[in-house]
Amino acid sequence: MTIAEHLEAVMDEVDKMDRRLAACLKNPDRKPLGRDEIAFGNVLGDRSITPEGARHLWDAANVLLEREKLQSRISVSTAQRCLDTELQAEIKRAREKDRWSYHGVVKRAAAALHDTKTFSGNCFFPAFITHSDEAINLTFGPVRIVSRDIFDAEYSRLIDDQILRATKSNGDRDAPLARILNGWKTQSEPYAFMVIVTIKDFEQSIARPVARQAAEFVLNLLRLMAPHRMGPRIRLAGDSKPETEQAFLTLTDDGVLGGIFSQGGEGAILPDDWSDALLRNIGDAKPMIDALADRLVCGDPFTDPVIERIRYADQLFTEAFQDTSPRQALVKIVSALEALCVLPRDEKSRTLQLRCALAGSRGDPDYIRAVRACVANAYRVRNDVVHGDAPELHEAANAIADLQLHLFHIVLHLWKLLVWVHNTKKPQSIRALRRELKLAFETERQRYEEIWNRMGLENPIDALIDEQTSRHA
């Protein structure tokens with residue numbers, strides 16, 4: 001349906017609700033309104049609308065955003081509000097001129113969308129990364145990771161000046177801006193790092209989640225590289241207050257109190273040169289990562305199948321490293337790898353093992369065997385979780401630990417292959433991406449097999465296939 005057709009359906013449902021409510025007022029004994037007749041919010045000022053009408057208004061807003069290529073920058077609720085406002089104006093105009101035009105409503109609503117107030121600038125996310133006090137200043141496209149001393153040198157004076165100016169203009173400490181900035185300073189004080197994301201022309205309600213996703217994308221590189229169980233300690237400031245003091249109280253049967261008290265912010269135990277190690281591991285993929293981070297905040301629709309897969313997998317990694325349950329974390333990590341490998345509908349386990357082994361081994365036969373073994377084990381334990389077979393917590397934790405030895409290089413190489421397919425084959429659907437990625441992996445496999453044959457090495461992929469065949473025989 002077109003936007004105009006959706007809007008016509010909205011008006012029909014509003015009129016229908018008007019008649020039903022009027023009938024109820026005239027006849028109190030009339031049977032109650034059915035479930036599909038209950039008012040579902042108000043439009044056109046104070047007129048009620050049915051659930052069906054609300055769906056048409058929602059669809060009209062989505063189609064309008066897509067047509068104007070604003071679906072990643074402006075919220076659906078704002079588009080609905082623009083359409084509703086212009087419908088009210090059209091009703092008034094029709095009464096005066098005895099003319100009605102849904103296309104005029106759509107045209108003016110589109111103009112109002114483009115005039116929507118947007119945010120451009122920097123978004124700041126306090127972060128726990130490590131306890132190191134080394135000065136850090138890393139840039140990945142629109143994302144910067146800086147240590148607290150660098151952030152304070154660049155921004156603390158600006159923040160204090162803004163607080164002072166806001167307080168003076170209001171004459172008290174309850175000035176709204178001063179209260180916000182003071183609250184942010186207090187909340188961010190325990191964090192040793194700041195992640196700064198630069199974005200442009202996003203509606204305020206969308207700006208923060210878009211910027212946060214780009215920040216998490218970069219932090220996931222560190223989480224993938226960090227030792228086992230350190231990933232969850234690398235995190236942005238969230239909805240909960242960080243614990244900078246930890247206490248544990250005990251009381252013995254003899255009435256003696258005891259316990260533990262420690263101070264200090266959270267953070268992962270990383271090598272002192274963690275920033276250099278990160279850049280070394282990234283190597284020549286740094287421009288690709290910059291481009292991917294830029295892509296997350298550019299505001300274009302996420303319709304490209306490659307970007308959609310990378311973005312979805314990154315969200316799963318973020319959730320996995322924030323999950324306190326090893327079982328659930330393992331499920332999300334394996335699901336993220338499945339998303340990046342764009343698996344066929346059959347033989348998922350074997351294909352996942354083979355593609356992760358090729359991606360994480362960099363051509364080394366021993367690494368192929370090691371990666372394949374840990375992916376196979378992770379997939380087995382994950383299946384036990386999702387099918388209710390209740391693996392022990394330590395099984396899931398050990399599966400993650402084994403997988404994380406290779407996870408960084410698996411993910412980085414999968415990104416490289418996906419971006420290569422994106423740039424050279426330009427697939428427009430998941431089906432086309434699945435086909436092209438399969439060919440890319442076959443080419444990669446053939447390249448490695450030629451090297452192994454020249455060096456007289458055993459082909460570890462043949463061994464993997466033989467093992468799978470004998471298992472199913």
Side-chain angles (χ1 to χ4, degrees), residues 119-168 170 172-200 202 204-223 226 230-247 262-270 274-275 278 293 296-297 318-319 321-322 324:
F119 169 83
S120 296
N122 292 335
C123 296
F124 301 98
F125 298 97
F128 280 133
I129 295 179
T130 183
H131 296 287
S132 170
D133 57 359
E134 179 187 1
I136 297 297
N137 191 350
L138 294 174
T139 301
F140 297 91
V143 182
R144 282 180 71 203
I145 301 177
V146 297
S147 49
R148 191 58 188 245
D149 55 345
I150 293 178
F151 172 81
D152 288 340
E154 293 184 12
Y155 293 101
S156 62
R157 183 172 179 178
L158 173 64
I159 294 172
D160 291 339
D161 288 346
Q162 291 275 356
I163 292 173
L164 182 61
R165 191 178 303 119
T167 303
K168 284 182 177 179
N170 270 49
D172 56 43
R173 293 291 295 174
D174 291 329
L177 179 59
R179 186 166 64 250
I180 291 171
L181 293 177
N182 278 316
W184 187 87
K185 284 181 65 176
T186 302
Q187 190 263 352
S188 64
E189 186 176 0
Y191 295 86
F193 293 87
M194 197 68 63
V195 182
I196 306 170
V197 183
T198 303
I199 63 174
K200 184 175 178 59
F202 283 88
Q204 192 74 41
S205 61
I206 293 180
R208 184 175 183 273
V210 166
R212 188 179 183 96
Q213 184 180 2
E216 296 281 14
F217 171 77
V218 172
L219 286 190
N220 277 341
L221 291 167
L222 268 174
R223 292 169 180 144
M230 291 294 108
R233 292 171 176 255
I234 301 172
R235 63 184 183 88
L236 300 177
D239 298 326
S240 59
K241 186 177 178 63
E243 295 183 13
T244 55
E245 297 181 343
Q246 300 186 25
S262 62
Q263 290 180 302
E266 293 183 355
I269 301 173
L270 300 176
W274 64 268
S275 59
L278 176 62
L296 292 174
V297 300
T318 299
E319 294 172 10
F321 286 118
Q322 293 174 350
T324 57

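The minimum heavy-atom distance between A214 and V297, with the atom names listed, is CB-CG1, 3.6 Å. When all heavy atoms of A215 and F125 are compared, the pair lying nearest together is CB-CD1, 4.2 Å. The shortest non-hydrogen separation linking A207 to C123 is O-SG, 4.5 Å. Closest of all the heavy-atom pairs between M194 and W184 is CE-CH2, 3.6 Å. The two residues I163 and T167 come nearest to each other via the heavy atoms O-OG1, 2.7 Å.
V218 meets the side chain to side chain contact (heavy atoms under 4.5 Å, CB included) test with F140, V143, I145; sequence neighbours excluded. For D149, there are no salt bridge (charged side-chain N to carboxylate O under 4.0 Å, His left out) partners two or more places apart in sequence or in a different chain. Applying the salt bridge (charged side-chain N to carboxylate O under 4.0 Å, His left out) test to K200 and every residue at least two apart in sequence or in another chain returns nothing. Checked against ring-ring contact (aromatic ring centres under 6.0 Å, His included), F321 has no partners two or more places apart in sequence or in another chain. The ring-ring contact (aromatic ring centres under 6.0 Å, His included) search around F124 returns F151, Y155, not counting sequence neighbours.
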* To do: Decide salt bridge (charged side-chain N to carboxylate O under 4.0 Å, His left out) for R148 and D152; before the verdict, give the C-alpha distance in whole Å, the side-chain angles of both, and the deciding distance to 0.1 Å.
  => CA-CA 6 Å; R148 191 58 188 245; D152 288 340; 3.3 Å; yes

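Checked against a 6.0 Å centroid threshold, the rings of F202 and F119 do not count as neighbours.
With rounding to the nearest 0.5 angstrom, the CD1 atom of I129 is 6.0 Å from the CG atom of L222. The line from CZ of R157 to CD of Q162 is 13.0 Å long, rounded to the nearest 0.5 Å. The CD1 atom of I196 sits 8.0 Å away from atom CG of N137, with the distance rounded to the nearest 0.5 Å. Here CG of L236 is found 11.5 Å from CZ of F128. Values are rounded to the nearest 0.5 Å. Rounding to the nearest 0.5 Å places CG of N122 at 8.5 Å from CZ of R144. Rounding to the nearest 0.5 Å gives a distance of 3.5 Å between CD1 of I136 and OG of S275.
Evaluation of the salt bridge (charged side-chain N to carboxylate O under 4.0 Å, His left out) test over residues 188-199, restricted to residues two or more places apart or in two chains, returns none.
At a threshold of 4.5 Å between non-hydrogen side-chain atoms, the residues R212 and T318 do not count as touching. Q322 places a side-chain heavy atom less than 4.5 Å from the side chain of E216.
Looking only at distances, a side-chain donor or acceptor of R223 sits under 3.5 Å from a matching main-chain atom of I234.
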